[in-house]
Amino acid sequence: MEQADIKEQARISFVGGKSLSKEECIEKALRLTFSVDLVEAALAQVEFLAEVNQHPSLYEIDNMKNSIRRYEKLWLPLAAEHAQERLAAPLDIEWVWHCHLLCPLVYEKDCQSLFRTTINHRLFRSADREHALKRSKHLWEAKYKNEPFEIDLTNDKMKEGSTKTDFESSITYDINGAISRQRHFYYNVSLPHYRDMRFLTLAMHRYQQFLFLRKNSYKLFIVPCYDQDLMWHTHQLHPLAYKEDTIRILGKVLPHDDTTVDRSPDSKLTLSTIDTSRLWLEMYKEVFNTPGAMYRGKEPEELYGLPDPLCNKADLRTGRQFTLESMSIDRIPDGEYGLDFTLQIFLADDFRKISKPLFEVFGPSMLWTADDLFSRELESQRWLVFRLKIRKGTIFSREVTVGIGKVDLQKLLDRSTVFRFHDTVSLEGDDKNCVYVSGCIADTFTNRSYSLVSGDFSVCSVPHDIDALFSIEPTNLDPQSCGAGYIAQHRFVGKDGAGDVECRFVYSPHRSNADIQFIQNGKIVCSAKTVDSTHLPLSFQVSNPNWFATWDPRLGERAVMIRQASGDWGVLTGRWLSLPNETDGYLSVKFHKLVDRSTQFINIPIPKTKGGHFDIHVDNNVFDMEGSDFSLTCSQDDSLLYLATGMSIFLLLVLCRPRSEDTPALNKTETDVYVKDRRHLESFQLLLSCGLNVIQISDHSSHGQNS
């Protein structure tokens with residue numbers, strides 16, 4: 001944020017005095033140029049911030065005294081001496097440098113005072129950074145014989161190094177204060193869409209508009225959204241380019257002030273955000289806020305406690321499960337019989353020795369989903385092999401092999417306890433075809449079973465901030481009113497030694513949000529909460545919505561985010577789909593697991609009759625709606641998360657379900673889709689536990705979007 005006096009009303013003040021139309025403003029804004037590829041550099045910044053986030057010791061002020069000494073006394077002199085080299089600093093020094101650079105005027109002043117020059121900085125993608133680090137290490141070790149280039153970044157070692165450091169900084173900027181503020185920036189840009197080229201390109205365009213607004217406004221303390229702020233930070237992290245560009249665009253170096261953090265209703269930050277939004281709308285005739293780029297609130301580590309194991313028995317791995325989730329063939333194979341082909345699938349120790357196929361699929365289909373494919377226990381097999389056969393001959397036809405391809409599973413096995421893969425398999429042979437395949441390899445552990453014991457919903461006081469644990473207080477207020485809502489106290493009861501865990505369901509009709517909270521020792525340790533555009537972008541904002549967690553209310557979608565103290569774990573987006581002129585349909589769920597950036601799709605039909613069997617399988621864990629049973633084969637560390645996943649799916653079914661036949665449409669524009677007999681749904685206790693009788697269809701977008 002830029003420093004300015006906000007007592008006088010901010011307003012548009014076009015340079016030259018001539019008013020411009022919306023189209024002229026956008027055109028002129030998008031003509032602004034930069035000396036740095038901001039999109040590529042922003043990707044590098046997100047990668048760097050993610051690496052810093054893996055070392056929480058770098059956020060602790062008591063640990064940083066030695067790193068500030070290393071930065072000021074060792075690194076900056078080395079960088080000034082080798083100004084023409086492409087150098088990268090060790091992580092602790094790079095983090096200090098990063099925070100210093102985000103006050104560009106003071107950074108230049110400090111550099112000029114200490115070194116009589118402004119020391120440049122650039123961002124590197126991961127591979128380029130490794131190369132630059134090697135060169136930097138060589139120069140460092142030649143200059144500083146008794147100082148290690150990299151230091152131990154564990155908390156105890158960093159604190160020990162800082163305690164022993166007798167050092168007074170000559171830098172005028174409060175770097176410790178900057179570290180304490182900047183540590184919170186990454187969480188707001190940590191979701192996967194901030195690594196997408198389309199989203200970042202749109203962000204760069206909004207940064208151009210942001211600068212054009214600043215150039216043509218008066219007395220505006222300009223406050224960016226996080227997509228623009230990422231670009232602004234990225235620009236500042238190239239200090240020479242930033243100075244040159246902003247002087248050319250604005251006539252001066254644009255200052256940056258991150259010390260204004262108070263978000264209370266009448267604070268400078270809040271009022272200035274209102275001013276920025278008002279002037280943006282006036283200039284560009286569009287809303288300033290953009291989905292997926294808003295302040296996301298407190299970080300999970302500030303909200304949640306660390307979970308205790310649900311079971312006192314150690315994990316015992318029982319095997320690995322291989323699941324083929326989707327497969328398609330690139331084109332129709334050549335041959336007299338066209339679509340009459342066979343694609344055989346093998347799991348083999350040696351891809352050169354295959355005999356009987358494990359599974360076969362046939363033309364004319366060219367696309368197969370999980371329901372068409374298979375799941376098998378993976379033993380010693382290393383290779384996933386595909387063999388394409390077609391029929392040849394007219395009178396005495398025969399099958400001949402026209403292509404063979406393989407996937408090496410060995411390189412996937414040690415990635416994580418659950419690893420999803422996507423691959424393009426080239427079939428070598430006469431046909432030169434390709435198979436596109438995705439699947440999952442999951443470690444399986446001793447089965448642990450849980451049953452949900454449901455409590456009744458009651459009308460209670462619901463605070464604005466439901467992320468923090470609060471006492472349950474019944475109220476006589478209308479549950480639809482502000483400050484009231486529905487709360488139920490459930491409990492997951494473990495079988496055969498698996499522990500119990502409290503599960504609280506909180507629903508606020510006024511804000512149309514729900515939160516499923518898992519509670520241990522008087523603290524929330526995991527939650528599944530409905531989220532919206534504050535967190536997630538719309539599908540058109542990313543290059544491929546199948547690869548990213550997105551949310552689109554125009555399609556009747558609802559989204560739930562699963563979080564624990566270690567961070568965001570997964571996002572599930574649900575949408576009701578039905579064929580034209582059909583009353584039956586299904587819930588389509590996109591499950592984006594943030595921890596490994598994988599995506600899987602789950603289609604869930606509502607049982608058509610009372611007592612209909614209803615199991616959902618996710619990573620070899622089974623959620624039974626009919627019996628309210630959850631059977632887990634995941635590791636203990638993931639048990640709460642998969643309980644939350646199952647509850648999230650059932651919550652999405654409640655949120656996205658179409659209305660019953662005897663319930664009138666809420667408005668004339670609602671698509672006329674309904675369940676023929678909704679009463680049998682009420683026999684499923686899990687749906688009742690997720691608010692079936694308290695969450696009204698009126699609380700979300702219209703349904704029945706055609707598939």
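Hydrogens, waters and symmetry mates are skipped; everything else that's a heavy atom, side chains included, is used. The first residue of the sequence shown is numbered 1, and numbering continues consecutively from there.
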| request: Could you give me the CA-CA distance, side-chain angles and deciding distance for D552 and R554, then say whether salt bridge (charged side-chain N to carboxylate O under 4.0 Å, His left out) is met? | output: CA-CA 5 Å; D552 197 332; R554 297 169 301 180; 2.8 Å; yes
| task | Please report the C-alpha distance between D467 and K529 in whole Å, then the side-chain angles of each, then the deciding distance to 0.1 Å, and finally whether the salt bridge (charged side-chain N to carboxylate O under 4.0 Å, His left out) criterion is met. | result | CA-CA 9 Å; D467 288 324; K529 182 179 180 180; 2.9 Å; yes
| request: Apply salt bridge (charged side-chain N to carboxylate O under 4.0 Å, His left out) to the pair R296 and D568, showing each step before the final yes or no. | output: CA-CA 12 Å; R296 299 182 59 207; D568 304 326; 2.8 Å; yes
| message | Quick one, H510 with Q480, criterion side chain to side chain donor-acceptor pair (under 3.5 Å). Give me CA distance, side-chain angles, the key distance, then yes/no. | response | CA-CA 5 Å; H510 178 73; Q480 305 288 327; over 6 Å; no
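Side-chain polar atoms of S631 and D624 form no donor-acceptor pair below 3.5 angstrom. Between N620 and T444, the side chains place no donor N or O within less than 3.5 Å of an acceptor N or O (distance only, hydrogens not considered).
Contacts of N513 classified as side chain to side chain contact (heavy atoms under 4.5 Å, CB included), with partners at least two apart in sequence or in another chain: I466, S508, R511, T530. Qualifying side chain to side chain contact (heavy atoms under 4.5 Å, CB included) partners for K22, counting only residues two or more places apart in sequence or in other chains: I26, K285.
Of the possible donor and acceptor atoms, none in the side chain of D638 sits under 3.5 Å from a partner among the backbone N and O of L641. Checked by atom type and distance alone, the side chain of R597 never pairs as donor or acceptor with a backbone atom of H592 at under 3.5 Å. In this structure, the side chain of E502 does not engage the main chain of Q489 through any donor-acceptor pair within 3.5 Å.
Cation-pi geometry between R195 and W547 is not satisfied (NZ or CZ under 6.0 Å from the ring centre, within 45° of the ring normal).
Classification of the F518-F492 ring pair by plane angle, with boundaries at 30° and 60°, yields parallel. In this structure, Y507 and Y486 have parallel ring planes: the angle between them is below the 30° cut-off, well short of the 60° mark. Using the six-membered ring where Trp is involved, F630 and F623 have ring planes that are tilted, between 30° and 60° apart.
Other residues, nucleotides and ligands contribute more than 12 heavy atoms inside 6.0 Å of the CG atom of D372.
A salt bridge links D619 to K593: at least one charged side-chain nitrogen sits closer than 4.0 Å to a carboxylate oxygen.
The ring of H193 has its center no closer than 6.0 angstrom to the ring center of F548. The aromatic ring centroids of Y194 and Y226 lie 6.0 Å or more from each other.
Remark: of the listed residues Y450, W569, F445, W569 is the sole one forming a ring pair (Phe, Tyr, Trp, His ring centres under 6.0 Å) with Y642.
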